[in-house]
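Here is the structure we will look at.
Protein chains get the first letters and strands the later ones, always in sequence-line order, with residue 1 at the start of each.
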Number of protein chains: 2
Amino acid sequence: MGARFEPVRAVRAYERVVEQVEEAIESGALGPGARLPSERELMVQFSVGRSTVREALRVLQARGLVRSRPGDPNGAEVLPFSPAALHKSMTTLARVAELSLAELVQFRMVLDSSAVLLAARLRTEEQVAEMEAAIAGMRAALASDHDAFSAADVAFHDVIVAAGGNKLIQVCTDVVRSVVLDLIAGKIADAPDRGSLMRRSIRHHEEVLAAVREGDGAAAARLLRRSMYDYYAVHLPDAERSALRALLE
Amino acid sequence: MGARFEPVRAVRAYERVVEQVEEAIESGALGPGARLPSERELMVQFSVGRSTVREALRVLQARGLVRSRPGDPNGAEVLPFSPAALHKSMTTLARVAELSLAELVQFRMVLDSSAVLLAARLRTEEQVAEMEAAIAGMRAALASDHDAFSAADVAFHDVIVAAGGNKLIQVCTDVVRSVVLDLIAGKIADAPDRGSLMRRSIRHHEEVLAAVREGDGAAAARLLRRSMYDYYAVHLPDAERSALRALLE
DNA sequence: CTACATTTGTCCGTATGTATT
DNA sequence: GAATACATACGGACAAATGTA
């Protein structure tokens, strides 16, 4: 095999700055809360112009790694990880790829049900108590406002996913859930007969919890998929529902 | 309910430029291949300075929406959607959240097995033929180089996931797969006894394909999970393997 | 609470290398 | 090859914002 040369892409000055700072942050050399040098200091250290430094900081900010405020004498702040950048790219994907609501819900059914499958094995007693508390919160919010109900619902799923023990699943469900909620914002609050919908949702959650308590992961996963289908199906056109039913066996 | 005022975050000039261009692209007003006005033209239209325009373009470029080259008289080019930005955020997540290889593989097991579950129902005859071709490619690459084998393996999974019909699952498996491959690059090529590993992998793929052909999604999913476990387990410490076995029932 | 020094946000002018015509 | 228009990068300038004495 002859030597294979790769094309030398012209790498911009600001990209080299981004790479170095990124490496420092991702390697842990700069932890959350740490401060970068001021822009003028950075232009000396990297020996580039100020606009180059600024463009690099913009990119780092867009990736959610740092935040800079005007007038702050301490320089840009290194942020703790946030799924904001992931959320942004996924929202973009949803718009330009014209993801259907069904695809998003299907994705949630897959991830959440897998998480509960794992949670049924790994959950602690404390987590079970948290799940109970979340369901109690849903019941309490039945009469009052929908926001509280939704929050308790989210809390339940958060505990489940956390108990599953996979951080990647955790982040992805979080992101996709908020994308879904953005899409159907408003639709839920004035859904027809939402009282009975909420009561049925609570019953489903109780069944899932019971299965988790018994350690029956397969049953818990099946119940959770059905619960999610029931909850979102009313917002879907008939054609899209069938794709979801394929997951209900 | 009283009026709820939200804090007015100071929105930077470049952010408003980003928002407007982003909206134009995501709404489809500017499709892939379209050209943005030149930087000087943009500073007139938005009535902002040059650096403001440039910072906005850098952010848009970081999000994978546009690309600008020096000297191009046509201005920045609107790009077709690419998962590059998603890939970037997920790589960052993997590093700062210290995702284990096991978590990544577990994620793939979940998504790929769900995709094959759907594919068993939705696949066309043409897709079945493509899967066969991919397996043939794996067999052909057995003796020669490992790259060709890996490529054929990827092709098989790509057809499976495409046949599943969920674009979100498709993009996510694609992203996570490349993250995994980056992590274990080199490890595979010089794995002990990789010949028998490859032969076993081919046999597993054939079993999955048979199940897909028969429309037995549950069996196909189970086989695929086991196949993936077998393939990656050798690269995992014992402690991490058990979490994966939880998905093998 | 008021100054003060420093920093960021933004704008402008200029030089250089590059791609298209 | 030459001309033109462009992006890249530099450096200076000023206002607004911020932390501190």
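- Residues satisfying the side chain to side chain contact (heavy atoms under 4.5 Å, CB included) test with A:Ala148, not counting sequence neighbours, are A:Ala141, A:Asp145.
- Residue pairs meeting the side-chain hydrogen bond (donor to acceptor under 3.5 Å, both in side chains) criterion with at least one partner in residues 70-82 of chain B, sequence neighbours excluded, are B:Arg35-B:Asp72, B:Arg67-B:Glu77, B:Arg69-B:Asp72.
- Each ring-ring contact (aromatic ring centres under 6.0 Å, His included) pair with one or both residues in residues 150-179 of chain B, not counting sequence neighbours, appears once here: B:Phe156-B:His205, B:His157-B:His205.
- For B:Pro73, there are no side chain to side chain contact (heavy atoms under 4.5 Å, CB included) partners, not counting sequence neighbours.
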N/O-N/O pairs, protein side and nucleotides 2-5 of chain C side, under 3.5 Å:
none

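- Looking at residues 43-65 of chain A, you'll see A:Arg50, A:Arg54, A:Arg58 sit with a heavy atom under 4.0 Å from some atom of DNA chain C.
- Residues passing the side-chain hydrogen bond (donor to acceptor under 3.5 Å, both in side chains) test with B:Ser38: none are found, sequence neighbours excluded.
- The nucleotide range of DNA chain D contacted by chain A, defined by atoms under 4.0 angstrom from heavy atoms of the protein and reported 5' to 3', is D:dT8 to D:dG19.
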Output one line per pair: protein atom, nucleotide atom from nucleotides 17-21 of chain C, and distance, for all N/O pairs under 3.5 Å.
none

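- For A:Leu142, the side chain to side chain contact (heavy atoms under 4.5 Å, CB included) criterion is met by A:Met198, A:Arg199, A:Ile202, not counting sequence neighbours.
- In summary, the side chains of A:Tyr232 and A:Arg108 do present a donor paired with an acceptor at a separation below 3.5 Å, with no hydrogens or angles considered.
- Using a 4.5 Å heavy-atom cutoff, the side chains of B:Ser201 and B:Phe149 are in contact.
- With a 4.5 Å cut-off on side-chain heavy atoms, A:Ser68 and A:Arg58 count as touching.
- Residue A:Glu39 is classed as a sugar-phosphate contact, given heavy-atom separations below 4.0 Å to backbone atoms only.
- The salt bridge (charged side-chain N to carboxylate O under 4.0 Å, His left out) analysis of residues 154-173 of chain B, with sequence neighbours excluded, yields the pairs A:Glu103-B:Lys167, B:Asp158-B:Arg177.
- Between B:Glu23 and A:Arg95, some side-chain heavy-atom pair lies under the 4.5 Å cut-off.
- A:Phe81 is linked by a side chain to side chain contact (heavy atoms under 4.5 Å, CB included) to A:Pro83, B:Leu93, B:Val96, counting only residues two or more places apart in sequence or in another chain.
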